[in-house]
Every structure is written in structure tokens, then in C-alpha cells.
Amino acid sequence: GGAFGFNSETSMGAAPPPVESLKKFLPPDHLWPIDEYWTYHAGNGTFGDLFGLVGAMDARHGAAKDLSDFERKAQLLAYEGERAMFEAFARSTPVSTGVIQWMLNTPWPGVVWHLYDYYLKPGGGYFGTKKACEPLHIQYSYDDSSVVVVNSSTESRRKLVAHAETRNLDASVRFTRDITVDAAAGTHQIALTIPAALGLGLSSTYFLRLVLSEESGLVLSQNVYWLSTSPDVLKADSTVATWADLTALQSLPAVTLAASAILIPLGPLGNSASGRPEDLEELVRVTLENRSPDMAFFVRVSVTRGPGGDEALPVRWDDNYVTLVPGQRIDLTARLRAADLNATDPAVTLEGWNVAAETVSLAR
């Protein structure tokens with residue numbers, strides 16, 4: 001990863017795209033289980049198969065029961081791994097002088113390396129990277145349990161509030177703390193450390209939610225981690241001795257979110273004044289609210305070409321694959337070209353780890 005030196009070519013390696021893309025290049029009778037049709041779309045040598053990913057998935061989350069279960073776990077692992085790589089760099093500068101993800105996207109349909117796939121569809125790895133690379137960011141350190149505020153921008157910020165809370169699998173709060181911090185431009189600093197004794201009262205799998213905000217309450221960065229009281233343990237050569245046990249995530253209660261969406265025409269894209277459809281941009285704003293007493297985990301929102309249609313691509317989300325605590329409400333925005341809707345009325349869909357797929361009414 002990015003913890004020291006200059007890493008010029010690194011990544012999670014295995015990166016199966018979302019299931020909608022898999023169905024575009026794998027024959028229906030070879031979608032599941034993983035076989036030579038999958039590995040044909042992998043790389044060479046140690047990247048020639050997905051056994052490393054599958055081994056980690058089986059150990060940390062439990063063996064995939066079907067394609068849908070495999071895909072959601074693969075996106076979760078990609079999000080977590082890519083985020084950790086870039087956060088390690090951010091926390092370790094200047095000991096770490098750079099980290100380059102291999103690679104941004106693949107030149108043909110593939111199951112390794114990319115952050116968004118051949119069809120321009122972003123998956124968990126893309127949004128984990130996007131989260132970690134926020135110019136003003138709050139993050140967790142897996143090795144020493146510290147909470148770090150990173151300001152990689154050129155503007156210093158004063159009197160920010162770093163909030164940390166841990167929640168058991170049932171969403172009950174076990175720990176909460178607020179610390180006021182100053183974040184000088186181009187620096188990172190430890191705001192607080194999660195107490196080791198906290199583990200005595202935690203469920204085997206638990207959540208850590210971090211929020212960085214202004215004194216006014218305006219949220220600048222938020223970040224959610226899923227952790228285990230039996231964490232990953234590395235050997236001296238950085239290979240894994242024992243895997244974290246996150247299998248309890250499979251027992252999260254089902255949650256239904258309150259959701260609404262609105263389509264807002266933005267006008268010409270960039271500096272274009274042609275008025276042609278391909279040069280017009282639209283914004284979709286989606287509001288999600290968790291009115292349940294449970295966590296809504298790893299929720300993905302999509303804009304599709306009509307109900308049940310393909311996702312409109314390319315698309316630029318400000319955030320995605322989000323986790324909501326009880327009572328939390330968030331807004332997500334997506335920007336896309338009107339032409340990429342292919343003359344259809346757009347629809348919004350959402351689904352999550354423990355949130356059933358649904359179509360959201362889209363207002364204009």
C-alpha cells in the first residue's frame with residue numbers, strides 16, 4: 001500500500017465489477033460459480049485468478065452463497081482495501097512520498113485492477129478511493145486505533161470538530177467523543193485514539209463512525225468503518241496470519257430507507273453553448289433517511305435509463321456505497337449528460353447490504 005516510500009504501481013489486484021457489468025461479458029451459464037470464463041478476463045501470473053480475493057472473502061465474510069452475495073462482498077472488500085491504501089499514504093507523509101493506483105480503468109471487460117470498469121461503471125473500489133482522497137478528511141488507523149484528520153488542501157482550517165462513535169451490530173452506541181482540532185494546510189494530525197478497553201463491551205463485529213465538521217455543524221467529511229474484535233493479524237512479511245471475523249455482518253436486520261429524488265437540469269456542460277442534447281448536463285439529488293433503529297449498511301444508489309434499465313454512464317456521484325446510522329439523513333448528488341440517458345426518462349434505484357432493492361420516485 002502507501003505506508004512508506006514511493007509506490008509507483010499498486011492496488012487491490014482483484015476487482016470484480018458490479019454484477020450488471022459481469023452480465024455483459026460473461027455468458028449466463030458461466031456467471032456462477034467462478035470458472036475459466038472469469039479468469040480469461042483476469043491478468044497473468046499472480047493476477048491470473050481470483051483465489052486470493054475469494055480466500056479473504058471466505059475467511060472474513062463467509063463463503064459467497066451465489067453471484068449476488070459474491071458481488072456485494074467483492075465491492076465491500078474493494079472499498080475497504082482501496083480506502084486503506086490511500087489513507088495509509090495520507091497518514092504517512094512525508095515518510096510516504098507517493099502512491100499510484102494500478103489502474104484507473106481497464107481497456108476491455110476485466111475482473112482485476114480497475115477503479116471503474118470497461119463500461120465506465122464505478123464500483124466499491126472507486127468510491128473507497130474517492131472517500132480516502134478527500135482534501136479535508138477524517139480517517140481511522142487500523143494499526144494503532146488513532147483517528148487522524150488530514151488536510152491536503154492549501155487552506156488551513158481552525159476549530160474543526162472531530163467526532164468519533166462506535167456502535168455495536170445492533171446500532172447501540174458504545175463510545176462517543178468530540179475533539180476540537182486545527183488543521184493546517186498540508187498536514188495530518190492525530191485527533192484522538194479509540195480506547196483499547198472499549199473492546200470489552202463490543203459485539204464481535206462493530207462499526208466506527210467518524211465525522212469532521214465546522215463549529216456550526218456543517219459536515220466536511222464523514223467515514224464509516226466495519227471492524228472486528230478479532231482483527232486481521234499480519235506476519236512480519238505483511239502476509240496475513242489470521243483474518244478478521246466480519247461474518248456477523250450477514251446477520252444485520254433488514255432495513256427500509258425513506259428516499260426521494262429530484263432531477264435538476266443544469267444547462268450546457270462546461271463552456272459549451274451549442275444547446276445540443278449531448279452538451280447538456282443534469283443533476284440528480286437523492287435524499288436518504290434511515291428511520292429504523294438499525295444500521296443501513298453499504299447502500300448503493302444508481303440512475304438508470306428508465307425503471308429496470310441500464311445505469312446511465314458515465315456518471316459522477318459525490319459519494320456512494322454509504323452507511324447510515326439510525327436517524328441519519330444524507331443527500332447524494334449525481335451529474336450526468338442528458339444524452340447518456342438515451343432519450344429515456346431516468347429512474348433512481350437503491351439497494352444495500354441489508355436494504356432491499358427499490359425504485360425511488362423521481363421528481364422534476
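The figures that follow rest on heavy atoms only: side chains count, while hydrogens, waters and symmetry mates do not.
Criterion: ILVMFWY side-chain heavy atoms under 4.5 Å apart, direct or through other members. Under it, Val325 and Val147 are not part of a common hydrophobic cluster. Linking ILVMFWY side-chain heavy atoms closer than 4.5 Å, directly or via other members, places Met103 and Leu115 in two distinct hydrophobic clusters. Under the 4.5 Å side-chain heavy-atom criterion for Ile, Leu, Val, Met, Phe, Trp and Tyr, Trp32 and Val54 are members of the same hydrophobic cluster. By the criterion of side-chain heavy atoms lying less than 4.5 angstrom apart, applied directly or through intervening Ile, Leu, Val, Met, Phe, Trp or Tyr residues, Val19 is grouped together with Leu31 in one hydrophobic cluster. No continuous path of hydrophobic side-chain contacts links Leu208 to Val322 [ILVMFWY only; heavy atoms under 4.5 Å].
Ion pairing between Asp319 and Lys131 holds under the 4.0 Å rule for side-chain N and carboxylate O. Taking the charged nitrogens against the carboxylate oxygens, Arg364 and Asp345 do have a contact shorter than 4.0 Å, which makes a salt bridge. Salt bridge annotation for Arg60-Asp232: present, with a cationic side-chain nitrogen under 4.0 angstrom from a carboxylate oxygen. Classification of Arg157 and Glu214 as a salt-bridged pair holds, one side-chain N sitting under 4.0 Å from a carboxylate O. A salt bridge links Arg316 to Glu281: at least one charged side-chain nitrogen sits closer than 4.0 Å to a carboxylate oxygen.
Here the side chains of Val284 and Leu336 are in contact, with some heavy-atom distance below 4.5 Å. In this structure, Trp353 and Leu249 have side chains that are in contact, with non-hydrogen atoms separated by less than 4.5 Å. Two residues are said to be in side-chain contact when any heavy atoms from C-beta on lie closer than 4.5 Å; Phe175 and Leu202 fail this criterion. When side chains are defined from C-beta on, Met57 counts as touching Phe70, because their heavy atoms get closer than 4.5 Å. No side-chain heavy atom of Tyr118 sits less than 4.5 Å from a side-chain heavy atom of Phe25. When side chains are defined from C-beta on, Pro16 does not count as touching Glu71, because their heavy atoms never get closer than 4.5 Å. Within the 4.5 Å cutoff, the side chain of Tyr225 has heavy atoms near those of the Asn223 side chain. Val355 places none of its side-chain heavy atoms less than 4.5 Å from the side chain of Thr256.
In this structure, His41 has its ring center closer than 6.0 angstrom to the ring center of Trp108. Not less than 6.0 angstrom separates the ring centroid of Trp317 from the ring centroid of Phe127. Between Tyr79 and Tyr126, the distance separating the two ring centers is not shorter than 6.0 angstrom.
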I'd like to know whether Glu80 forms a side-chain contact (heavy atoms from CB on, under 4.5 Å) with Tyr142, so could you lay out the CA-CA distance, the side-chain angles of the two residues, the decisive distance to 0.1 Å, and finally the verdict. CA-CA 11 Å; Glu80 184 183 28; Tyr142 289 92; 3.6 Å; yes

Go through the steps to decide whether Phe207 and Met295 satisfy the test side-chain contact (heavy atoms from CB on, under 4.5 Å), and finish with yes or no. CA-CA 9 Å; Phe207 298 96; Met295 304 290 292; 3.7 Å; yes

Would Val211 and Val219 count as a side-chain contact (heavy atoms from CB on, under 4.5 Å) here? Give the steps. CA-CA 7 Å; Val211 181; Val219 174; 4.0 Å; yes

Walk me through it: do Thr39 and Asp49 pass the test side chain to side chain donor-acceptor pair (under 3.5 Å)? CA-CA 5 Å; Thr39 55; Asp49 58 55; over 6 Å; no

As a quick check of understanding, evaluate side chain to side chain donor-acceptor pair (under 3.5 Å) for His114 and Asn105, giving each step before the final call. CA-CA 4 Å; His114 58 256; Asn105 65 313; over 6 Å; no

Between Ile264 and Arg285, is the side-chain contact (heavy atoms from CB on, under 4.5 Å) condition met? List the steps. CA-CA 8 Å; Ile264 305 171; Arg285 177 178 292 116; 3.3 Å; yes

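Side-chain contact annotation: Asp144 with Ser146, donor-acceptor N/O pair under 3.5 Å present. Counting only N and O atoms by type, the side chains of Asp245 and Ser230 include no donor and acceptor under 3.5 Å apart. The closest side-chain donor-acceptor pair between Thr304 and Glu311, if any, does not fall under 3.5 angstrom. In summary, the side chains of Glu87 and His137 do present a donor paired with an acceptor at a separation below 3.5 Å, with no hydrogens or angles considered. Side-chain contact annotation: Gln222 with Gln328, donor-acceptor N/O pair under 3.5 Å present.
Here NE2 of His188 is found 11.0 Å from OG of Ser152. Values are rounded to the nearest 0.5 Å. Atoms OG and CG, on Ser21 and Asp117 in that order, are 3.5 Å from each other to the nearest 0.5 Å. For the atom pair Asn354 CG and Phe297 CZ, the distance stands at 8.5 Å (nearest 0.5 Å). Note that CZ of Arg300 is 13.0 Å distant from CZ of Arg72, once rounded to the nearest 0.5 Å. For the atom pair CG of Asp310 and CG of Asn342, the computed distance is 9.0 Å after rounding to the nearest 0.5 Å. Atom CG of Leu212 and atom OG of Ser221 lie 6.0 Å apart (nearest 0.5 Å).
Within a 6.0 Å radius of OH in Tyr40, other residues, nucleotides and ligands contribute 12 heavy atoms or fewer. Counting heavy atoms of neighbouring residues, nucleotides and ligands inside a 6.0 Å radius, atom NZ of Lys24 exceeds 12 of them. Environment of CG in Asp29: crowded, with over 12 heavy atoms of neighbouring residues, nucleotides or ligands closer than 6.0 Å. Atom CZ of Arg305 sits in a crowded spot, with more than 12 heavy atoms from other residues, nucleotides or ligands closer than 6.0 Å.
Between the side chain of Gln250 and the backbone N or O of His61 there is at least one donor-acceptor pair closer than 3.5 Å. A donor-acceptor pair is defined here as one N or O able to donate and one able to accept, closer than 3.5 Å; no such pair exists between the side chain of Glu289 and the backbone of Arg291. With hydrogens and angles disregarded, a donor-acceptor distance shorter than 3.5 Å links the side chain of Ser292 to the backbone of Asp294. Under a 3.5 Å cut-off, the side chain of Lys73 and the backbone N or O of Gly62 do form a donor-acceptor pair. One N or O on the side chain of Thr323 and one on the backbone of Phe298 form a donor-acceptor pair closer than 3.5 Å. Side chain of Asn290 to backbone of Gly327: no donor-acceptor contact under 3.5 angstrom is found. With hydrogens and angles disregarded, a donor-acceptor distance shorter than 3.5 Å links the side chain of Ser11 to the backbone of Trp102. Asn320 contributes a side-chain N or O that, together with a main-chain N or O of Val301, makes up a donor-acceptor pair within less than 3.5 Å. Within the 3.5 Å criterion, the main-chain N or O of Asp143 finds no donor-acceptor partner in the side chain of Ser141. Panel note: side chain Asp182, backbone Lys159; a donor-acceptor pair is recorded below 3.5 Å.
Counting all heavy atoms, side chain and backbone alike, Ile179 lies closest to Ala191 at CG2-O, 3.7 Å. Scanning all heavy atoms of the two residues, the minimum distance from Gly123 to Tyr321 falls at C-CE1, 3.7 Å. Contact between Pro307 and Ala347 at its shortest, heavy atoms only, is N-CB, 3.6 Å.
A cation-pi arrangement is absent between Lys121 and Tyr116 under the rule of less than 6.0 angstrom and at most 45 degrees off the ring axis. For Arg83 and Trp226, the positive end sits near the middle of the six-membered ring, less than 6.0 Å away and at most 45° from its axis.
Pairs passing the side-chain hydrogen bond (donor to acceptor under 3.5 Å, both in side chains) check and including a residue from residues 171-181, sequence neighbours excluded, read His163-Asp178, Asp170-Ser172.
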